[in-house]
Amino acid sequence: MRQTLKKGLFITVEGIEGAGKTTNLNFIRSILEEGGEEVLMTREPGGTPMAEEVRELLLRPREETVSSTAELLLMFAARAQHLEQKIRPAIDRGVHVLSDRFTDATYAYQGGGRGLSWEMIHDLEKMVQADFKPDLTLLLRIDPEAGMARARKRGALDRFEQEKLEFYFRVQEGYMKRVAEDPGRFLVVDAQKSLEDVQATIAQELAAKLVS
Ligand code: TMP
């Protein structure tokens with residue numbers, strides 16, 4: 001794997017709350033680092049000081065009703081900053097970037113969850129990213145009831161985690177629509193299997209996808 005691994009890959013991990021993104025992000029990182037690769041871990045919304053401030057704006061529960069369009073634009077504002085200041089420079093240096101969420105989350109949450117039009121999201125994606133997209137996206141699939149039960153155990157809920165279960169079913173559908181649009185980019189893993197099974201699948205598929 002060491003000699004033939006492609007350089008400067010952009011890998012993203014997606015899934016609804018409670019799907020186990022953090023554990024599996026760390027697992028992917030350890031596989032790459034054991035292969036002698038340099039990895040930059042990041043997240044969305046966030047990843048730079050300014051984008052982290054936008055994250056705080058987006059996640060904080062508030063009395064005021066939040067416009068879905070404002071939410072969408074803030075996601076892409078944070079992404080523009082993140083992409084320009086952190087992701088692209090690292091990739092240009094040949095460093096692999098591993099991100100906890102990216103634009104598929106916008107299609108899933110603002111498109112699927114909030115019901116905003118796919119076309120509007122697509123237009124913003126083009127404006128902010130042109131043709132830039134992840135080389136590989138791991139989608140961890142979990143039943144929304146099981147995912148939310150796990151997320152609720154973690155403590156105070158952010159603005160998204162306070163949404164009803166139906167919202168998360170729509171988010172999951174949004175993710176599956178993305179997979180159908182670009183199946184070659186996704187690795188969809190059943191996150192309800194044992195961690196051992198999940199990680200065996202990830203290791204196998206990662207090796208196959210990333211070696212040229
Ligand atoms: P998390 O990174 O801790 O999962 O929290 C980020 C939250 O933001 C999560 O509920 C998903 C949501 N989100 C969107 O709604 N749209 C997006 O484009 C991104 C990146 C995240």
Side-chain angles (χ1 to χ4, degrees), residues 10-26 28-29 41-48 50-62 65-87 97-118 120-129 132-134 137-142 144 146-178 181 191:
F10 183 40
I11 302 171
T12 59
V13 176
E14 300 280 355
I16 61 167
E17 273 66 8
K21 285 186 291 120
T22 308
T23 310
N24 290 300
L25 277 158
N26 287 329
I28 295 173
R29 175 193 211 161
M41 297 270 277
T42 192
R43 69 172 179 182
E44 288 220 343
T48 81
M50 188 176 111
E52 288 289 331
E53 286 185 36
V54 178
R55 177 189 177 90
E56 205 278 319
L57 281 177
L58 280 161
L59 266 55
R60 181 174 7 117
R62 52 182 81 237
T65 302
V66 176
S67 144
S68 299
T69 308
E71 185 179 281
L72 173 70
L73 293 171
L74 285 170
M75 289 294 174
F76 272 107
R79 182 161 301 133
Q81 182 69 7
H82 188 207
L83 195 55
E84 205 174 294
Q85 297 300 315
K86 190 167 178 182
I87 299 175
V97 176
L98 184 51
S99 186
D100 182 344
R101 302 192 186 281
F102 195 63
T103 309
D104 295 309
T106 311
Y107 282 97
Y109 283 77
Q110 282 65 52
R114 303 281 188 227
L116 293 178
S117 94
W118 225 242
M120 181 157 73
I121 301 172
H122 185 72
D123 288 348
L124 289 166
E125 179 184 21
K126 284 277 160 210
M127 186 175 91
V128 170
Q129 299 164 223
F132 182 85
K133 60 180 180 156
T137 299
L138 169 65
L139 173 61
L140 295 161
R141 257 182 75 98
I142 188 166
M148 288 319 289
R150 281 199 204 169
R152 289 208 172 92
K153 282 192 198 142
R154 292 199 289 241
L157 301 178
D158 68 33
R159 197 169 58 81
F160 289 96
E161 289 164 343
Q162 290 179 355
E163 288 294 335
K164 295 196 180 75
L165 206 51
E166 295 83 66
F167 176 83
Y168 283 95
F169 277 100
R170 295 197 300 273
V171 171
Q172 188 92 284
E173 272 173 32
Y175 273 130
M176 294 320 289
K177 191 169 163 190
R178 287 299 280 165
E181 286 173 353

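Please read all numbers here as calculations on a predicted model, not as lab measurements. All ligand and atom numbering here is 1-based and tracks the order in the structure.
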Pair Phe102 and Phe10, ring centroids less than 6.0 Å apart =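 Between Phe10 and Phe102, which both carry aromatic rings, the centre distance is below 6.0 Å.
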
Contacts of Phe76 that satisfy ring-ring contact (aromatic ring centres under 6.0 Å, His included) - sequence neighbours left out |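 Expected list: none.
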
Option among Arg101, Arg79, Arg55 that satisfies the side chain to side chain donor-acceptor pair (under 3.5 Å) test with Glu44 =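 The residue from Arg101, Arg79, Arg55 that satisfies side chain to side chain donor-acceptor pair (under 3.5 Å) with Glu44 turns out to be Arg79.
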
Answer yes or no: are there more than 12 heavy-atom neighbours, outside Glu181 itself, under 6.0 Å from its atom CD?
->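 Check passes, neighbour count above 12.
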
Would you tabulate the polar-atom pairs, meaning N/O of ligand 1 against N/O of the protein, with distances under 3.5 Å, reported to 0.1 Å?
residue: ligand 1; atom: 3 (O); partner: Arg55; partner atom: NH2; Å: 3.2
residue: ligand 1; atom: 4 (O); partner: Lys21; partner atom: NZ; Å: 3.2
residue: ligand 1; atom: 4 (O); partner: Arg101; partner atom: NE; Å: 3.0
residue: ligand 1; atom: 4 (O); partner: Arg101; partner atom: NH2; Å: 3.0
residue: ligand 1; atom: 10 (O); partner: Glu17; partner atom: OE2; Å: 2.4
residue: ligand 1; atom: 15 (O); partner: Gln110; partner atom: OE1; Å: 3.4
residue: ligand 1; atom: 15 (O); partner: Gln110; partner atom: NE2; Å: 2.9
residue: ligand 1; atom: 16 (N); partner: Gln110; partner atom: OE1; Å: 2.8
residue: ligand 1; atom: 18 (O); partner: Arg79; partner atom: NH2; Å: 3.1
residue: ligand 1; atom: 18 (O); partner: Thr106; partner atom: N; Å: 3.3
residue: ligand 1; atom: 18 (O); partner: Thr106; partner atom: OG1; Å: 2.6

Lys NZ or Arg CZ of Arg114 over Tyr109 ring: under 6.0 Å, within 45° |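 Not satisfied by the 6.0 Å and 45° rule.
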
Side-chain contact, heavy-atom cut-off 4.5 Å: Val66 with Arg62?
->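 Yes, close enough: below the 4.5 Å cut-off.
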
